[in-house]
Structure formats: C-alpha cells, structure tokens
Amino acid sequence: MKITVPATSANLGPGFDTLGIAVGIKNQVIIKPSKFHSVSLRGEGSNNPVLKDNNMFLAIFNDFYNNLSTKKRFFRFEFINEIPLSRGLGSSSAVIVSAIASAYAIEGIKLSKEKLLNLALAYESHPDNITPAVMGGFNVATVQDNEVKYIKKEIPKHLVAVVVVPNRPISTQLSRKTLPYKYSKDDAIFNLSHGSLLTAAFMTENWEMLKIASQDKFHQSYRMKQMPELFEVQKMALKSGALMSTLSGSGSTLFSIAYRNDAKKIETVLKEKFPHFKVFTTHFDNTGVKIEY
Ligand SMILES: Nc1ncnc2c1ncn2[C@@H]1O[C@H](COP(=O)(O)OP(=O)(O)OP(=O)(O)O)[C@@H](O)[C@H]1O
Ligand SMILES: N[C@@H](CCO)C(=O)O
C-alpha cells in the first residue's frame with residue numbers, strides 16, 4: 001500500500017491560519033506487512049536519526065491502528081520524503097494526515113476525507129495546512145464546533161509555484177510565539193479585507209489581483225525579520241514577474257505564484273541571486289492525500 005500526501009503552503013499572506021494551497025512536492029509512505037517492524041527513510045530528514053525510530057508518523061499510526069485492529073501485526077514502513085522539515089511547507093501536517101489515513105487503509109476501513117480532516121485537526125490547531133493536504137487545491141478553512149468548514153478551489157495548470165527554500169529553518173512553534181498578542185483595529189481590518197480579496201481572487205481566477213490582495217500585517221514581517229534576506233527574495237520574485245510572493249506558513253520558505261510561462265525567468269533570477277538557497281518550480285496539487293493498493 002502506498003500513501004502520497006502533498007506539501008502545503010499556508011497563510012498565503014493575510015490568510016493567517018485560514019488559507020492554504022497544496023503543491024506538487026510530496027511525501028510517500030509504502031507500507032507492507034512484515035514478520036517484524038522495520039523502517040527505511042529516504043530524502044528529506046533521512047540524515048536525522050530521530051525521524052527514523054520514534055517519528056511522529058509511527059506514533060500517530062500506532063495510536064489509530066491499535067484502536068482499529070485486534071490483530072498484532074508488524075509492518076515495513078518505507079518513507080520517501082520530498083517535503084523539507086521546518087521550512088513552512090507543511091511537513092508535520094503531511095505526516096499527521098498520512099499516518100491517520102494509513103492506519104484506516106491498512107485495516108481496510110473506509111475513511112471519508114471529511115472525517116480524516118477532522119481527525120487530523122486534533123493534532124494541529126489550525127486548519128490551513130491539513131485541509132489542502134487532505135483535499136488538494138486552494139482552500140479557505142475555519143474551525144466551528146471542533147469541525148473544519150472549508151471551500152476548495154482547484155488551481156489551473158497554467159499557474160505554478162516558484163519556491164525558495166532557505167538553508168535555515170524557522171520553527172512554527174517558536175515563530176508563533178514572536179507574533180503580537182493583540183492587533184490594532186486598522187490592522188485587523190487590513191487583514192480581513194486583503195484576505196477576503198485574496199480568497200475572491202482565487203475563486204474567480206482573477207490572478208492579476210493576487211499581488212495587492214496577498215499583503216499582510218499579522219505575521220510576515222515579524223517572521224521575516226528573523227531572516228532579513230527573505231525581504232530581498234520577495235522583492236526579486238515580484239520584480240521578475242511573480243503574481244504574488246509570500247512567506248510559506250511560518251517560514252522559512254518564500255512561496256511565489258506565477259504564470260507557467262514566466263516561471264523559468266523568475267526561477268533563473270532567484271537562483272542567480274540566492275545560490276545558497278534551494279529554488280525550484282512545481283505545479284499545484286488538486287488531489288490531496290491519496291492511497292494506492
Ligand atoms: N517527515 C516527517 N517525519 C516524521 N516526523 C516529522 C516529519 N516532519 C515533521 N515531523 C515532526 O513534526 C515536528 C515539527 O516539524 P516541522 O517543524 O517540520 O513541522 P511544521 O510545524 O509543519 O513546520 P513546517 O510547515 O515548516 O514543516 C518535527 O519536530 C518532527 O517531530
Ligand atoms: N498558520 C500557521 C501555518 C503554519 O504552517 C502559522 O502561520 O503559524
């Protein structure tokens with residue numbers, strides 16, 4: 001059995017804890033029944049021994065599997081990770097979603113995507129990474145009575161993401177602590193209006209509106225000050241033709257959206273200017289987590 005789950009970019013500027021989008025890089029887990037427990041790990045995180053043994057995937061998988069099954073079975077877990085850790089591309093959300101989906105699937109128990117999403121919510125207080133990780137596409141999500149309420153929009157193929165991944169992480173947990181506890185009425189209205197405009201721009205495919213709509217006063221500047229070079233990346237991406245350029249989740253990745261025809265030029269400029277960062281272009285994922293037997 002193979003589970004595939006996409007990376008996700010949350011906030012998209014003003015949509016703090018609300019807007020998120022799934023992109024073409026992914027984590028895959030191949031699970032096979034085995035005589036004994038074994039784990040292999042390739043790609044992102046493979047040089048981190050902690051991730052091999054007591055990683056979050058196995059902890060969540062076992063929590064659910066032990067409740068779903070009466071049988072004591074062993075498995076071989078083969079992790080193939082493309083999503084970098086602590087770079088704002090939803091690595092932990094991908095793990096949470098794929099671990100829960102795997103436990104149900106290995107037992108042959110059907111699990112709707114809505115139910116999966118609400119089970120994942122228990123592990124992540126904000127829905128803006130887990131929702132696109134489950135559903136794919138662009139999502140607007142909120143939590144009401146412990147349930148995620150969301151609306152999804154698929155992204156057309158002529159749009160791509162140009163992603164700049166710095167060589168230093170920003171921890172979501174720590175960076176949330178650097179944010180103000182209170183905001184002024186003006187800043188609240190600024191983010192409400194820009195987040196609403198951004199959502200409408202995605203839903204109506206008004207891509208030229210993304211640049212104005214993706215401005216933020218809640219979190220980006222506080223976080224980007226931890227790595228001031230990110231302001232340069234953002235300016236260069238927009239100058240080279242990006243439709244929008246925002247901090248991906250809590251960072252450190254800078255996430256830009258562009259027309260497919262403009263991506264090569266943007267990517268080339270960013271690679272030349274920031275050779276110490278990983279720069280790549282990827283399509284959008286409109287499927288979300290998927291299981292193949
Ligand atoms: N691929 C993974 N495999 C196992 N555990 C993981 C993986 N990714 C994240 N984790 C666990 O989740 C914790 C938080 O990781 P990380 O900071 O990447 O998540 P995050 O908050 O989603 O940030 P980001 O969105 O930047 O990835 C890690 O310390 C690790 O315990
Ligand atoms: N909305 C979350 C996203 C984390 O990926 C944050 O900004 O902390």
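We count ligands from 1, going down the list as the structure has it; atoms in each ligand are counted the same way. The figures here come from the full heavy-atom set of this structure, side chains too, leaving out hydrogens, waters and symmetry mates.
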What atoms of ligand 2 come within less than 4.0 Å of a heavy atom belonging to Gly249? 5 (O)

With a cutoff of 4.0 Å, is His126 in contact with ligand 2, counting heavy atoms of the residue only? yes

Consider every N or O of Ser86 and every N or O of ligand 1, then say whether any pair is closer than 3.5 Å. yes

Under-4.0 Å salt bridge between Lys265 and Glu267: no

If you take the nearest heavy atom of each of Pro84, Ser91, Gly88, Gly45, which one is closest to atom 8 (N) of ligand 1? Ser91

Could you check atom 6 (C) of ligand 2 against the protein and tell me its nearest heavy-atom contact, residue, atom and distance included? Arg176 NH1, 3.2 Å

Considering non-hydrogen atoms of the protein only, which is the closest contact for atom 4 (C) of ligand 2, and what is the distance? Asn129 OD1, 3.5 Å

Salt bridge present between Asp17 and Arg176 (N-O < 4.0 angstrom): yes

Could you tell me whether Asn129 approaches ligand 1 through its side chain, its backbone, both or neither, with non-hydrogen atoms closer than 4.0 Å? neither

Can you sort out which atoms of ligand 1 are near Met56, meaning under 4.0 Å from one of its heavy atoms? 5 (N), 11 (C), 12 (O)

Quick note on ligand 1: atoms under 4.0 Å from a heavy atom of Leu85 include exactly 7 (C), 8 (N), 9 (C), 18 (O)

Numbering as shown, the atoms of ligand 1 that approach Asn81 to under 4.0 Å (heavy-atom distance): 1 (N)

Candidates Asp17, Leu179, Thr18; heavy atom nearest atom 1 (N) of ligand 2 found on Asp17

Considering only non-hydrogen protein atoms, determine which one is nearest to atom 20 (P) of ligand 1 and report residue, atom name and distance to 0.1 Å. Ser92 OG, 3.3 Å

Out of Met227, Glu229, Arg168, Met224, which one pairs with Ser252 under the side chain to side chain contact (heavy atoms under 4.5 Å, CB included) rule? Met227

For atom 31 (O) of ligand 1, decide whether some protein heavy-atom distance is shorter than 4.0 Å. no

Six-ring centre of Phe190, Lys217 cation under 6.0 angstrom, axis tolerance 45°: yes

Looking only at N/O atoms, are Gly90 and ligand 1 under 3.5 Å apart anywhere? yes

Before giving the answer on side-chain contact (heavy atoms from CB on, under 4.5 Å), spell out for Val97 and Leu116 the whole-Å C-alpha distance, their side-chain angles and the decisive distance to 0.1 Å. CA-CA 7 Å; Val97 165; Leu116 170 58; 4.1 Å; yes

Can you find an N/O atom of Asn55 closer than 3.5 Å to an N/O atom of ligand 1? no

When you measure from atom 5 (N) of ligand 1 to every protein heavy atom, which one gives the shortest distance, and what is it? Leu51 CD2, 3.6 Å

Does the pair Met236 and Gln234 meet the rule for a side-chain contact (heavy atoms from CB on, under 4.5 Å), with working shown? CA-CA 6 Å; Met236 194 57 72; Gln234 188 177 45; over 6 Å; no

By the definition ring-ring contact (aromatic ring centres under 6.0 Å, His included), identify the one residue from Phe79, Tyr104, Phe77 that meets it with Phe61. Phe77

Rounded to the nearest 0.5 Å, how far does NZ of Lys153 lie from CG of Asn286? 8.0 Å

Contacting atoms of ligand 2, where contact means under 4.0 angstrom from a heavy atom of Asp128: 1 (N), 2 (C), 3 (C)

Indicate, as side chain, backbone, both or neither, the part of Arg87 found under 4.0 angstrom from ligand 2 when only non-hydrogen atoms are considered. neither

Aromatic ring proximity, centroids under 6.0 angstrom, Phe138 and Phe202: yes

Are more than 12 heavy atoms from other residues, nucleotides or ligands located less than 6.0 Å from atom CE of Met1? yes

Yes or no, since that's all I need: does a protein heavy atom fall within a distance strictly under 4.0 Å of atom 2 (C) of ligand 1? yes

Taking only Lys NZ, Arg NE, NH1 and NH2, and the carboxylate oxygens of Asp or Glu, determine whether Lys278 and Glu44 approach each other closer than 4.0 Å. yes

What distance separates Ser214 OG from Phe255 CZ, expressed to the nearest 0.5 Å? 11.0 Å

Ignoring angles and geometry beyond distance, decide whether Val95 reaches within less than 3.5 Å of ligand 1 through its nitrogen or oxygen atoms. no

Any chance the side chains of Asn118 and Asn146 put a donor and an acceptor closer than 3.5 Å? no

Evaluate Arg87 for polar contact with ligand 1, using N/O atom pairs at a separation under 3.5 Å. yes

The protein heavy atom nearest to atom 23 (O) of ligand 1 is Thr172 OG1, 3.2 Å

